[in-house]
Amino acid sequence: DTYTHLRSALEHVPLLRSLMLNANEASSEFLRELCACLPLVPLLEVLDLSENNIQKEDTELLGTCLASVPHLSELSLSYVQLRGDSLDPIARAFVHVPLLRRLNLSLNSLGAAGACCLQRNLIHIPLLMDLKLQQTSLGKNGIGWLSSAFKHTPLLQSLDLEGNQLGAGGARKLATNFESVPLLQHFNCGGNRLGAEGTRHLNNALAHTPLLRELRLANTSMGTRGIHHLIIPNGLRRLRELECLDFTKNSLLNRVCCDLIRYAAEHFPRLRELVLRALRVLGSYGGMGVRTARSNWARLSPRDV
């Protein structure tokens, strides 16, 4: 019945631009019928099928049907149970949607195999501006495959890699390819155990992204040494457009927190958000430390932080 009503509706809206069917617990039968309906809306630009259980056998059909919507600019398939190379039929279909600008594959266990599928096919969507891959189990090998394809997406402005077990090795591979995305403005690398060494590699990567406006490094285990890798060589200082800086859930010495606030006040004229939530602060807040923090924080307040 749902399929009948959907088909009847789509027959009357041939100019439809956006179709959002997320969180519908769609069955394989429904997805197959949906794919049969897509030719009815050839001008479709946004397709959201997130939070549906897409079986491996359905991905081939979905990939084939993307040829029916050549104007597609946004595709969301987060949390649809994609695993490894089951992404391949969809990734191969990118050749049919060259105008794709936003791609969300978060919360799927893609792993290195899924990253390899993306690496082979990102060349078909050179206009890509927003790539979300939160918690996709890329690991250091997967990020190596993925980042090597950045040369095909020079317009990329937003990259979300939260929770992918990158580690220091993954940060090093990522850094070697960041020169291919000079227009990057939003970068989330939170939830990856980068450590001090990984933060050092990340600092080298940021040298290639002078337009960055949002940097999220929550829960990255960078510690005091990691912070020093960012601020002592003045790596962050190059990011004059920075508006948001997030260090949530990291363990830092009290004096380093004060140094960080002072550094932000001195070097980021556009800063609107400095997130130090749930820090594990090592050392006392008393005496000069808190006065230093308060005095430097006051320098930020006129800019509505």
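Throughout, residue positions are numbered sequentially from 1 according to the sequence presented. For clarity, every value in this text was computed on a predicted model and none was experimentally measured.
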Point to revise | Closest approach of L10 to C37 (non-hydrogen atoms, all atoms of both residues) | key: CD1-CB, 3.7 Å

Practice item. Not counting sequence neighbours, list each pair that qualifies as a ring pair (Phe, Tyr, Trp, His ring centres under 6.0 Å) and has a residue in residues 166-221. Key: F178-F187

Taking only residues two or more places apart in sequence, or in another chain, which ones meet [X] in a side-chain contact (heavy atoms from CB on, under 4.5 Å)?
X    : result
A196 : R225, H229
S78  : S50, S76, N104, S106
E241 : R213, R270
T64  : none

Could you note down all residue pairs passing salt bridge (Lys or Arg N to Asp or Glu O under 4.0 Å) where [range] supplies at least one of them, sequence neighbours left out?
range            : result
residues 132-154 : D130-K132
residues 58-73   : R32-D58, E60-R92
residues 97-109  : none
residues 14-23   : R17-E45

Review point. Tracing side-chain links under 4.5 Å among I, L, V, M, F, W and Y, which residues wind up in one group with Y79?
Key: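 Its cluster mates, by chain and number, are L107.
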
Quiz: residues 111-126 side-chain donor-acceptor pairs under 3.5 angstrom, not counting sequence neighbours:
residue, atom, partner, partner atom, Å
R120, NH2, D88, OD1, 3.0
N121, ND2, C117, O, 2.8

Check your understanding: Do N22 and E51 have side-chain N/O donor and acceptor atoms under 3.5 Å apart?
Key ->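 Judged by distance alone, the side chains do not pair up.
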
Point to revise | Inter-residue atom distance N250.CG - L276.CG, 0.5 Å rounding | key: 9.5 Å

Check your understanding: With E214, which residues qualify under salt bridge (Lys or Arg N to Asp or Glu O under 4.0 Å), at least two apart?
Key ->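 R216.
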
